[in-house]
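Some notes on the structure that comes next.
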Amino acid sequence: MIFIRHESPVGGKAKVLTIHYLPEEIGINNAADAENAGGVLVPTVPTPDNIAGKEAVLYFNPTTKEFSYEYVDKPLTQDEKIAQLEQQLKITQDALDALLLA
């Protein structure tokens, strides 16, 4: 089993804060232990889709015991920002070259 801890539910879903794949290592051996630790035991946790530029946020519905993901925009890394600027510069330079040669 897998131990998860989540925020208080809002609108039937709660953001997952902790996923522990070996709960027995932290003294959680059954549902009562999990509840006392502020979480629940679940058999599996779904794998998120890999969407470019998005970050997966895992939610859990304590009533139905179902998981869902929401995908939010991920901030660009420094390397991604530089690559984006270089691409914009190349497009601008190509447009200027086309104007000058026309």
Side-chain angles (χ1 to χ4, degrees):
M1 296 295 276
I2 301 166
F3 173 71
I4 65 163
R5 185 176 294 127
H6 55 77
E7 293 179 342
S8 296
V10 176
K13 67 180 182 179
K15 184 176 179 181
V16 174
L17 302 173
T18 304
I19 301 173
H20 202 297
Y21 290 94
L22 298 170
E24 60 279 358
E25 288 187 358
I26 58 172
I28 298 172
N29 298 303
N30 54 48
D33 290 343
E35 189 174 328
N36 289 337
V40 295
L41 290 173
V42 296
T44 61
V45 174
T47 304
D49 295 329
N50 189 8
I51 301 173
K54 299 288 184 175
E55 185 175 332
V57 180
L58 182 60
Y59 288 89
F60 179 72
N61 183 321
T63 305
T64 64
K65 308 293 189 230
E66 294 176 339
F67 287 96
S68 62
Y69 280 99
E70 288 186 9
Y71 297 89
V72 296
D73 290 335
K74 176 173 67 171
L76 296 176
T77 65
Q78 289 288 34
D79 290 341
E80 290 169 333
K81 287 179 186 177
I82 290 170
Q84 191 177 52
L85 288 171
E86 287 174 343
Q87 181 63 28
Q88 290 172 348
L89 181 61
K90 182 181 179 333
I91 291 169
T92 303
Q93 186 63 51
D94 290 347
L96 286 171
D97 290 345
L99 284 172
L100 290 173
L101 296 174

**Study point:** Contacts of T77 that satisfy side-chain hydrogen bond (donor to acceptor under 3.5 Å, both in side chains) - sequence neighbours left out
**Key:** E80
**Study point:** From CA spacing to verdict: side chain to side chain contact (heavy atoms under 4.5 Å, CB included), F67, T44
**Key:** CA-CA 10 Å; F67 287 96; T44 61; 5.9 Å; no
**Study point:** Heavy-atom closest contact (G39 atom, F3 atom, distance)
**Key:** CA-CE1, 3.6 Å
Quick one: side chains of residues 49-64, donor-acceptor pairs under 3.5 Å with protein atoms, not counting sequence neighbours, listed by atom name and distance.
residue	atom	partner	partner atom	Å
K54	NZ	D73	OD1	2.5
N61	OD1	T63	N	2.8
N61	OD1	T64	N	3.1
N61	ND2	G12	O	2.8
T64	OG1	E66	N	3.4

Practice item. Measure the CD-CD distance between Q88 and E86 for me, rounded to the nearest 0.5 Å. Key: 11.0 Å
Exercise for review: Would you give the length of the straight line joining atom CD1 of I82 to atom CG of L76, rounded to the nearest 0.5 angstrom?
Suggested key: 11.5 Å
Check your understanding: Is I28 reachable from I2 through a run of I, L, V, M, F, W or Y residues, each pair having side-chain heavy atoms under 4.5 Å apart?
Key -> no
**Study point:** Euclidean distance, D94 CG relative to L89 CG, rounded to 0.5 Å
**Key:** 9.5 Å
Practice item. May I ask you to test the E7-L17 pair for a side-chain heavy-atom distance under 4.5 Å? Key: yes
Review point. Y71 side chain to P48 main-chain N or O, any donor-acceptor pair under 3.5 Å?
Key: no
**Study point:** Atom CD of E24: over 12 foreign heavy atoms under 6.0 Å
**Key:** yes
Review point. Applying the 4.5 Å side-chain criterion to the ILVMFWY set and letting contacts propagate, would I4 and Y21 be lumped into a single cluster?
Key: yes
Point to revise | Set of residues satisfying salt bridge (Lys or Arg N to Asp or Glu O under 4.0 Å) with respect to D97, sequence neighbours excluded | key: none
Point to revise | Common cluster, I19/M1, ILVMFWY with side-chain heavy-atom separation under 4.5 Å | key: no
Review point. When rounded to the nearest 0.5 angstrom, what distance separates NE2 in H20 from CG in L41?
Key: 11.5 Å
